[in-house]
Amino acid sequence: QVQLVESGGGLVQAGGSLRLSCAASGRTFSSTAMDWFRQAPGMEREFVAAINRSGGIRIYADSVKGRFTISRDDAKNTLYLQMNSLKPEDTAVYYCALETTPYIRGSQADFASWGQGTQVTVSS
């Protein structure tokens, strides 16, 4: 079982930046696609971004396209989410998730593991 631990969340003003990290234990990290999701209070969890095994394919939700960048460092077993030009509507708990295939299935995926989440709060 791969364990995922997110970090890097916090409080930031609108227009600011944060970089989230997701550290993974286990040998399967480099063989599968990985995703970021988020959940705001009272809302359903929503897809944010995903990256395939090689890192050559990345997809984003329309709401974050052009502002967020997903990346991975397989040598460090770590997934990242660089978030720029943050808006108050980006406030949520952010989760990383490990898919079970090397290609991206996003919100349709069967996930092998989820992190515990990290809080991001953007003030106006």
Side-chain angles (χ1 to χ4, degrees):
Q1 178 80 16
V2 175
Q3 290 189 328
L4 304 176
V5 179
E6 300 97 335
S7 61
L11 174 63
V12 64
Q13 289 189 332
S17 298
L18 284 173
R19 188 176 81 154
L20 305 184
S21 298
C22 172
S25 63
R27 297 173 60 185
T28 60
F29 175 85
S30 62
S31 64
T32 70
M34 294 200 69
D35 299 39
W36 286 100
F37 283 76
R38 67 186 182 186
Q39 186 168 20
M43 305 291 285
E44 292 188 355
R45 185 151 50 187
E46 65 171 352
F47 171 81
V48 174
I51 187 167
N52 72 337
R53 179 184 64 181
S54 69
I57 298 174
R58 311 176 191 194
I59 61 172
Y60 299 92
D62 288 344
S63 58
V64 306
K65 202 172 294 183
R67 301 187 297 122
F68 289 11
T69 302
I70 188 172
S71 62
R72 63 191 298 161
D73 185 337
D74 290 345
K76 296 182 178 180
N77 271 12
T78 303
L79 176 74
Y80 301 100
L81 185 68
Q82 178 66 44
M83 306 186 296
N84 299 328
S85 302
L86 282 162
K87 305 175 181 180
E89 51 263 45
D90 294 318
T91 295
V93 177
Y94 284 71
Y95 300 89
C96 61
L98 181 74
E99 298 198 25
T100 57
T101 61
Y103 50 87
I104 295 169
R105 296 187 65 198
S107 57
Q108 304 302 313
D110 294 320
F111 292 99
S113 186
W114 289 85
Q116 84 291 346
T118 186
Q119 176 70 47
V120 171
T121 303
V122 184
S123 63
S124 57

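Excluded from the calculations below are hydrogen atoms, water molecules and symmetry mates; all remaining heavy atoms, backbone and side chain alike, are included. Source: prediction; values computed, not measured.
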Rounded to the nearest 0.5 angstrom, the CZ-OH distance for F47 and Y60 is 9.5 Å

Separation between CZ (R72) and CG (N52), nearest 0.5 Å, reads 7.5 Å

The reported gap from CD in Q119 to OG1 in T91 (rounded to nearest 0.5 angstrom) is 7.0 Å

Nearest heavy-atom approach of G9 to T118 is N-OG1, 3.2 Å

task: Ignoring hydrogens and angles, tell me if any N or O in the side chain of S25 forms a donor-acceptor pair with the backbone of Q3 under 3.5 Å.
output: yes

| Should F37 and L79 be regarded as members of a common hydrophobic cluster, given that ILVMFWY residues are connected when their side-chain heavy atoms come within less than 4.5 Å of each other, either directly or indirectly? | no

Quick check: do E46 and R38 have side-chain heavy atoms less than 4.5 Å from each other? yes

Heavy-atom nearest pair, P88 first then S124, reads CG-CB, 3.8 Å

Contacts of R53 meeting salt bridge (charged side-chain N to carboxylate O under 4.0 Å, His left out) (sequence neighbours excluded), chain-then-number -> none

CG (L18) and CE (M83) are apart, to the nearest 0.5 Å, by 4.5 Å

Does a side-chain N-to-carboxylate-O contact under 4.0 Å join K87 and D90? no

May I ask whether V93 and Y80 are part of the same hydrophobic cluster, defined by side-chain heavy atoms of I, L, V, M, F, W, Y residues being less than 4.5 angstrom apart, directly or through others? no

query = Can the ring centroids of Y95 and F111 be said to lie less than 6.0 angstrom from one another?
reply = no

Item checked: Hphob cluster co-occupancy, V120 + V48, side-chain heavy atoms under 4.5 angstrom -> yes

Value for SG (C96) from CD (Q116), rounded to nearest 0.5 Å, stands at 7.5 Å

Shortest non-hydrogen pair, A33 vs Y103, comes out as CB-O, 3.6 Å

Rounded to the nearest 0.5 Å, the CG atom of L86 sits from the CD atom of Q13 at a distance of 11.5 Å

Minimal heavy-atom distance between R105 and D110, with the atoms involved, is NH1-OD2, 4.0 Å

*Between L20 and V64, is there a shared hydrophobic cluster once you connect ILVMFWY residues whose side-chain heavy atoms come closer than 4.5 Å?*
yes

Using the ring of each side chain (for Trp, its six-membered ring), is F68 parallel, tilted or perpendicular to Y94, with breaks at 30° and 60°?
tilted

| field | Heavy-atom neighbours of L11 CG exceed 12 at 6.0 Å | value | yes

What one should report as the nearest heavy-atom pair of V2 and A24 is CG1-CB, 4.1 Å

Please tell me whether I59 and M34 are part of a single hydrophobic cluster in this structure, the criterion being side-chain heavy atoms less than 4.5 Å apart. no

For E6 and G117 the tightest heavy-atom approach is OE1-N, 2.8 Å

